[in-house]
Participant: 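Structure incoming, see below.
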Amino acid sequence: MAQAVGTAHLETSTGLDNRKLLMWLFLGSECLFFGSLIAAYLLYRDRSVAGPYPSDLFDIPFTSVSAFVLLMSSVSMVLALAAIQRGNVRGMQIWLFTTATLGLLFLSGQAFEFTEFNHEGLSLSTNLFGTTFFVLTGFHGAHVTIGVLILLSLFTVSLQGRIQQKDSLNVELAGLYWHFVDIVWIVIFTLVYLIQP
Amino acid sequence: MATEWPQTRRTGLADALRGAREMADQHYGIWSWIAPVDHKRIGVMYGVTAFIFFLAGGIEALLLRTQLIVPNAGVLNHDQYNRILTMHGTTMVFLVIMPLSAAFFNLMTPLMIGARDVAFPRLNAFSYWVFLAGGIFLNASFFTKDIFSGELGAPDCGWTCYSTLSSKAFSPGHGVDFWALGVQILGIASLASGFNFIVTILNMRAPGMTLFRMPLFVWMTLVTSFLIIFAMPVIAVALFELIFDRLFNANFFNPDKGGNPLLWQHMFWLFGHPEVYILILPAMGIVSEILPTFSRKPLFGYPFVVFSGIAIGFMSWGVWVHHMYTTGLGTVANSAFGISTILIGVPTGVKVLNWMATMWGGSLSLKAPMMFAVGFVAMFTIGGLSGVTHSVVPSDYQQQDTYYVVAHFHYVLFGGAIFALFAGFYYWLPKFTGKLLDDRLGQIHFWLMLIGFNLTFFPMHISGLLGMPRRISTYSEGQGWDIWNMLSTIGAFTIATSILIFMINVIYSLRRGEAAGYDPWDGRTLEWTIPSPPPHYNFEKIPVVHARDPFWHEKYTEDEQGRPIPVVAGAANGHPDEAHEEHGGGHGIHMPSPSYFPLIAALGFPIMATGLIYDYALVAVGAAVLFVGIYGWALEPATEGEEA
Ligand code: HEM
Ligand SMILES: [Cu+2]
């Protein structure tokens with residue numbers, strides 16, 4: 001199943017599965033992507049020439065809850081992988097679905113936050129805060145959305161009985177991506193919301 | 001994209017196209033080109049496409065040079081000049097040198113490490129299609145204005161697209177939108193191939209092919225791929241910022257709202273300097289293969305060449321401000337980056353010295369590939385030296401934005417990368433066409449190109465030092481620039497002639513070239529152990545590697561003075577495998593099945609990009625196409641045999 005041609009069932013030179021190595025490299029690349037976005041946010045922090053400013057808008061308790069929701073989704077992701085590695089398809093399905101639901105919950109929180117900010121006068125073009133904030137958190141939200149799609153796809157395919165213990169790598173890869181997106185949120189939450197000059 | 005699972009049921013669509021797939025499976029018919037997964041075929045497609053873009057970029061260059069041949073020429077107006085200049089630079093960097101390097105990654109890496117294909121053949125096809133889509137999309141910008149009345153719609157911001165030249169206010173129209181989205185699409189292609197080649201090189205090596213037995217070209221592919229996967233996301237963010245500014249009125253580079261246009265320059269060059277090494281490291285790899293072969297000596301100081309390549313990879317992240325000395329970052333920043341820039345010349349110099357030491361005392365065979373490789377070393381060295389002159393801050397204050405810089409980067413990019421890529425063509429094309437290129441035509445090509453190149457770009461050092469700014473569409477007489485410009489233009493047409501000769505050579509040799517055989521150059525590495533052209537599966541038996549330059553050691557041992565002596569009579573020019581060429585024929589080797597889903601997925605990007613510019617409804621269409629492609633891809637089995 002690995003695309004490794006002709007060597008599908010042979011060892012790789014490093015012993016690491018091709019697809020897993022690919023995922024790690026992809027996440028490494030993503031670090032630079034989010035790193036650049038976060039850098040732009042930090043560079044422009046406090047440079048807005050007109051309001052509204054972060055302190056006018058941020059609702060820390062609310063965002064803490066949604067950050068917590070996302071954190072918990074990482075736990076359920078771990079449980080999904082653990083389940084399928086033990087051959088427990090049912091368990092995996094339950095936890096995959098839970099993870100996707102928590103992800104969706106987080107996304108609705110973000111949608112609510114965006115609309116709320118918008119009502120209070122912040123748009124992409126209002127000031128530098130609006131520009132950098134929406135682009136940074138928007139790209140993170142897009143990543144979560146893709147993650148949810150992957151989880152739901154896995155879930156659907158597994159309902160057709162096509163994910164068994166031997167296919168646990170699929171879940172593992174989705175998990176790697178999911179945890180990464182989660183960690184990025186922790187960084188964003190800390191740097192953007194919590195630490196305010 | 002990342003996930004695949006075994007298929008138990010076929011979808012209707014897949015069923016319907018099964019016949020086509022089977023046809024492609026046998027590697028004939030149009031489907032084998034539309035749905036290729038074979039790295040060699042994809043390599044050829046990369047090469048041919050990039051060469052066509054090379055011709056386009058070359059014609060653009062000729063237009064620019066014609067405009068500059070004399071003061072106040074009336075060939076192009078300012079606006080046309082800016083747009084063609086922008087497209088020339090963007091084309092040569094993103095549509096020529098990068099994909100030509102990718103062509104060699106594709107053609108050579110699996111052969112050189114003893115693999116049957118890359119790690120992810122369909123991802124590989126995806127890279128190619130995305131590249132093609134991005135290239136066409138970028139060039140489509142020409143037609144967004146009334147081109148037939150002389151109005152070009154192409155971007156006009158230069159290949160560096162500095163802010164605020166790129167803002168809506170200074171560049172209305174859609175040119176810059178096409179540029180930003182087009183480069184973004186091309187970045188996706190590069191990223192995908194970067195991942196693919198790292199995994200391939202790390203994971204797919206034949207038994208015994210340890211990292212430090214890998215050919216230099218493979219090493220440079222590896223370093224380049226790492227640079228790609230870390231540099232591309234940086235420019236991706238910069239491009240997104242530009243796109244958001246232009247299409248959705250964001251403020252990243254908008255000084256009115258406190259935005260700082262310099263942010264663009266920082267991000268562009270943080271990407272841009274690694275990028276110039278993305279352009280040159282593969283070329284260095286090619287040359288590091290050719291020099292030993294034609295000197296009949298191993299590469300001198302292999303570990304030094306490898307480690308200096310790696311060092312360049314790391315250091316290339318710490319020099320970007322040398323493009324920004326005149327932006328007022330202050331003495332400390334300028335000094336620090338001046339020092340780091342001088343330091344990056346060191347590993348570069350190490351390589352040059354090792355190449356020279358490789359040739360030293362060798363029995364040189366000055367065939368066309370070798371001529372181009374030696375030309376590379378000489379021309380690249382000149383470019384490296386002028387690079388060091390503008391690493392010096394006060395000196396660069398004079399040189400910045402003059403033709404002197406244009407001379408520098410053409411010595412490294414044309415004298416460097418393009419010379420090496422041609423060396424690679426003469427060296428490796430016979431492996432895939434089965435026909436040698438004509439050496440006499442090759443020599444003529446080389447000398448004409450060398451003369452033309454120096455005639456074009458050497459005078460630019462002088463016109464630059466005389467103060468001629470780059471990126472001007474004309475100039476007035478009496479400034480001492482006339483003669484140098486005249487020479488440059490004559491040189492440009494000389495280069496064009498040499499390229500024509502190359503094309504004639506390729507066509508001629510395809511028809512009646514001498515058969516290449518397995519090993520036309522008495523080569524050292526694994527690709528010469530297999531037929532030309534190689535069978536679909538490359539190696540009937542995966543080779544076992546015992547040394548660096550494995551094929552050489554199969555053919556030769558050394559006498560006490562270190563001179564090579566053939567192992568068995570006949571083995572040196574003949575071939576151990578040649579005798580039993582026919583046996584087996586590769587039956588029973590499982591190769592990946594062709595797939596058209598990468599093409600479908602790739603089509604999604606230009607559709608979405610067009611939608612962003614003209615009509616958001618198209619964005620949804622493009623996204624849907626992308627999804628169909630990705631899901632089809634994820635759900636189809638990778639090889640026909642695997643579904644049961
Ligand atoms: C010995 C190593 C090198 C050094 C010290 C060096 C240094 C520099 C410096 C300081 C500049 C900025 C000049 C200015 O704008 O005033 C520059 C420009 C440039 N260099 Fe190099 N360089 C080196 C090698 C290379 C290589 C190997 C390449 C590409 C293959 C390259 C491509 C370029 C390009 C494209 C520009 C101009 C970018 C632009 O403004 O459009 N350089 N180089
Ligand atoms: Cu540079």
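All of these numbers come straight from a predicted model, not from anything done at the bench. In what follows, every chain begins at residue 1, and chains take the letters A, B, ... in the order their sequences are listed.
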Participant: Check each atom of Ser123(A) against the heavy atoms of chain B and say whether the ones under 4.5 Å are side chain, backbone, both or neither.
Facilitator: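 Nothing of Ser123(A), per the 4.5 Å heavy-atom cut-off to chain B.
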Participant: What is the ring orientation for Phe240(B) with Phe139(A), classed by angle as parallel under 30°, tilted 30 to 60°, or perpendicular over 60°?
Facilitator: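 Rings of Phe240(B) and Phe139(A): tilted, as their planes differ by 30° to 60°.
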Participant: Side chains of Tyr44(A) and Leu263(B): does their closest heavy-atom pair fall under 4.5 Å?
Facilitator: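 They are in contact (side-chain heavy atoms under 4.5 Å apart), so the answer is yes.
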Participant: With a 4.5 angstrom heavy-atom cut-off, which part of Leu149(A) approaches chain B: side chain, backbone, both or neither?
Facilitator: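 For Leu149(A), heavy atoms of backbone and side chain both lie under 4.5 Å from chain B.
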Participant: Is it the case that over 12 heavy atoms from other parts of the model lie below 6.0 angstrom from the CH2 atom of Trp317(B)?
Facilitator: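 Counting neighbours around CH2 of Trp317(B), more than 12 heavy atoms of other residues, nucleotides or ligands fall under 6.0 Å, so yes.
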Participant: Please report the shortest heavy-atom distance between Ser29(A) and Phe230(B), naming the atom on each side.
Facilitator: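 So the two residues come closest at N-CE2, 4.1 Å.
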Participant: Indicate the atoms forming the closest heavy-atom contact of Asn127(A) with Asn251(B), along with that distance.
Facilitator: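 Heavy-atom minimum between the residues: O-ND2, 3.3 Å.
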Participant: Is the number of heavy atoms from other residues, nucleotides or ligands under 6.0 Å of Lys168(B) NZ greater than 12?
Facilitator: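 More than 12 within 6.0 Å, yes.
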Participant: Taking the side chain as every heavy atom from C-beta outward, state whether Phe244(B) and Thr131(A) have any pair of such atoms under 4.5 Å apart.
Facilitator: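 A side-chain contact under 4.5 Å is absent here.
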Participant: Between Val135(A) and chain B, which part of the residue has a heavy atom less than 4.5 Å away: side chain, backbone, both or neither?
Facilitator: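 The answer is the side chain of Val135(A).
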Participant: Does Leu635(B) reach the side chain of Arg162(A), with side-chain heavy atoms less than 4.5 Å apart?
Facilitator: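 In contact.
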Participant: What do you reckon, is CZ of Phe68(A) surrounded by more than 12 foreign heavy atoms closer than 6.0 Å?
Facilitator: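 Atom CZ in Phe68(A) is not packed in, count stays at 12 or less.
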Participant: Verify the neighbour count for atom CZ of Phe314(B): are there more than 12 heavy atoms of other residues, nucleotides or ligands below 6.0 Å?
Facilitator: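 Open: at most 12 neighbouring heavy atoms sit under 6.0 Å from CZ of Phe314(B).
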Participant: Are the side chains of Phe33(A) and Met232(B) in touch, meaning some heavy atoms are under 4.5 Å apart?
Facilitator: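 Not touching, per the 4.5 Å side-chain cut-off.
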Participant: Locate the shortest heavy-atom distance separating Leu32(A) from Pro233(B); write the atom from each residue and the value.
Facilitator: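 Where Leu32(A) meets Pro233(B) most closely, the heavy atoms are CB-CG, 3.7 Å.
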Participant: State the CG-CG distance between Asn260(B) and Leu43(A), to the nearest 0.5 angstrom.
Facilitator: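 Output value for this atom pair is 8.5 Å.
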Participant: Please test Leu123(B) against Leu22(A) for side chain to side chain contact (heavy atoms under 4.5 Å, CB included), starting from the C-alpha separation and ending with a verdict.
Facilitator: CA-CA 11 Å; Leu123(B) 185 62; Leu22(A) 178 77; 4.2 Å; yes
Participant: For a quick test of reading the model, state the closest non-hydrogen atom pair linking Ser36(A) to Met267(B) and the distance between them.
Facilitator: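 Looking at all heavy atoms of both residues, the closest pair is CB-CE, 3.7 Å.
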Participant: Roughly how far, to the nearest 0.5 Å, is CG of Leu202(B) from CG of Leu25(A)?
Facilitator: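 Reported value, rounded in 0.5 Å steps: 7.5 Å.
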Participant: Under the rule for side chain to side chain contact (heavy atoms under 4.5 Å, CB included), what residues qualify as partners of Trp320(B), not counting sequence neighbours?
Facilitator: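 For Trp320(B), the residues satisfying side chain to side chain contact (heavy atoms under 4.5 Å, CB included) (neighbours in sequence not counted) are His266(B), Trp269(B), Leu270(B), Met324(B), Phe337(B).
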Participant: Between Gly194(B), Gly259(B), Ala236(B), which has the largest tally of heavy atom pairs under 4.5 Å with chain A?
Facilitator: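 The option with the most such pairs is Gly259(B).
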Participant: Which value, rounded to the nearest 0.5 Å, describes the distance between Lys257(B) atom NZ and Ser125(A) atom OG?
Facilitator: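 Rounded to the nearest 0.5 Å, the NZ-OG separation comes to 5.5 Å.
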Participant: Measure the shortest side-chain to side-chain distance between Ser153(A) and Tyr631(B) over non-hydrogen atoms and say whether it is less than 4.5 angstrom.
Facilitator: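 Yes, their side chains come closer than 4.5 Å.
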Participant: Taking all non-hydrogen atoms of both residues, which atom of Ala40(A) and which atom of Phe252(B) are closest, and how far apart?
Facilitator: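 It is CB-CE2, 4.5 Å.
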Participant: Partners of Phe134(A) by ring-ring contact (aromatic ring centres under 6.0 Å, His included), sequence neighbours excluded?
Facilitator: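 If we apply the ring-ring contact (aromatic ring centres under 6.0 Å, His included) test to Phe134(A), skipping adjacent residues, the hits are Phe114(A).
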Participant: If I take atom OG from residue Ser13(A) and atom CD1 from residue Ile201(B), how far apart are they, to the nearest 0.5 angstrom?
Facilitator: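 Ser13(A) atom OG to Ile201(B) atom CD1 measures 11.0 Å (nearest 0.5 Å).
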Participant: Just wondering, are more than 12 heavy atoms of other shown residues or ligands nearer than 6.0 Å to CZ in Arg47(A)?
Facilitator: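 Open: at most 12 neighbouring heavy atoms sit under 6.0 Å from CZ of Arg47(A).
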Participant: Got a sec: does the CZ of Phe627(B) have more than 12 other heavy atoms crowding it under 6.0 Å?
Facilitator: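 Open: at most 12 neighbouring heavy atoms sit under 6.0 Å from CZ of Phe627(B).
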Participant: Heavy-atom distances under 4.5 Å only: say whether Leu191(B) touches chain A with side chain, backbone, both or neither.
Facilitator: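 Side chain only.
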Participant: Under 3.5 Å, is there a donor-acceptor pair between the side chain of Thr12(A) and the main chain of Asn203(B)?
Facilitator: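 Absent.
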Participant: Under 4.5 Å between any side-chain heavy atoms of Arg205(B) and Thr14(A), yes or no?
Facilitator: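 In contact.
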